[in-house]
Amino acid sequence: MKAALDWQVAMGVDEAIADAPIDRYVLEAPAPKAMPVQATGVVEPIKVDAVAAAKTSATAAGDLDALRAAMEAFSHCELKRGARQLVFADGKPNARVMIVGEAPGRDEDLQGKPFVGRAGRLLDLMFSNIGLSRDASDADTALYITNVLPWRPPQNRDPAPEEIAMMLPFLARHIELAKPELIVAMGNHSCQALIGRRGITRLRGSWVEAFGVPVLPMFHPAYLLRTPVAKREAWADLLTLQAKLRTI
Ligand code: URA
């Protein structure tokens with residue numbers, strides 16, 4: 001027993017998620033794949049185009065509740081199996097500003113809400129300095145917060161490009177349904193998903209566009225926790241956002 005535990009720790013397991021083991025192969029066995037017999041007699045599984053499936057599912061969602069349900073039901077992303085729950089969004093869907101982060105971490109996976117750990121507390125503090133909050137009730141001062149990926153990657157690893165591509169149709173529809181006036185893209189992975197570019201140090205602070213909405217790339221708050229000297233640039237970006245909100 002101890003040897004099994006030591007092995008899991010060596011493999012990177014850093015937390016127990018339940019008292020008893022869960023056999024996910026039994027719980028969430030994927031639907032059996034159709035096995036067409038080709039003319040050659042070779043039997044091959046049909047490959048599912050996960051991006052096309054995501055597009056179809058996202059497009060069919062008529063409102064945010066339907067989108068959340070569609071994402072809950074989406075079974076092509078492996079991250080879902082390792083996560084506790086879907087992390088959809090927090091704040092007010094009618095907010096003028098939508099924040100797009102990268103992916104849930106441990107705290108977000110536990111609570112089912114984006115940006116609720118240390119980085120989230122810094123994010124709240126940053127935006128409160130320009131009068132914006134996820135708890136505000138009116139659209140002018142509210143925030144709406146989501147992530148590129150709705151499930152926690154194992155050990156908080158970076159999102160893989162295929163995972164971003166697979167979940168992008170849901171993010172696009174999320175933006176279409178929430179209709180923010182402005183988007184803040186937090187960090188490189190968010191920029192990669194929204195504008196197809198990385199290099200946050202050069203991108204930050206200048207407006208770009210995604211899905212017809214102005215986007216302001218900013219340093220991710222987790223980066224600011226590690227690199228406090230970069231808070232100066234983050235403050236400049238917050239003032240850029242505030243100025244834009246006053247002029248549109
Ligand atoms: N980092 C993110 O990008 N999103 C979260 O929800 C939490 C941490």
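Order of appearance sets the numbers: ligands from 1, and atoms from 1 within every ligand.
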K.L.:
So, using side chain to side chain contact (heavy atoms under 4.5 Å, CB included) as the criterion, who are the partners of D140 when residues are at least two apart?
P.N.:
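Scan of D140 (side chain to side chain contact (heavy atoms under 4.5 Å, CB included), adjacent residues dropped) gives R96, D138.
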K.L.:
Does K92 NZ have over 12 foreign heavy atoms under 6.0 Å away?
P.N.:
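More than 12 heavy atoms, drawn from other residues, nucleotides or ligands, come within 6.0 Å of this atom.
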K.L.:
Going by side chain to side chain contact (heavy atoms under 4.5 Å, CB included), V100 matches just one of V215, V184, L171. Which one?
P.N.:
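Single pass found, and it is L171.
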K.L.:
Can you list, by chain and residue number, every protein residue with a non-hydrogen atom closer than 4.0 Å to ligand 1?
P.N.:
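Its neighbours under 4.0 Å (heavy atoms only) are G101, E102, A103, E108, P114, F115, N147, H220, given by chain and number.
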K.L.:
For F74 and H76, take the angle between the two ring planes, folded into 0 to 90°, and tell me which bin it lands in: parallel under 30, tilted 30 to 60, perpendicular over 60.
P.N.:
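Plane angle over 60°, so perpendicular.
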K.L.:
In terms of ring plane angle, is the pair H174 and F88 parallel, tilted or perpendicular, where the classes change at 30° and 60°?
P.N.:
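If you compare the ring of H174 with that of F88, the planes turn out parallel.
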K.L.:
Taking R157 first and then E163, would you say they form a salt bridge - that is, a charged N and a carboxylate O separated by under 4.0 Å?
P.N.:
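Salt bridge between R157 and E163, a charged N being under 4.0 Å from a carboxylate O: yes.
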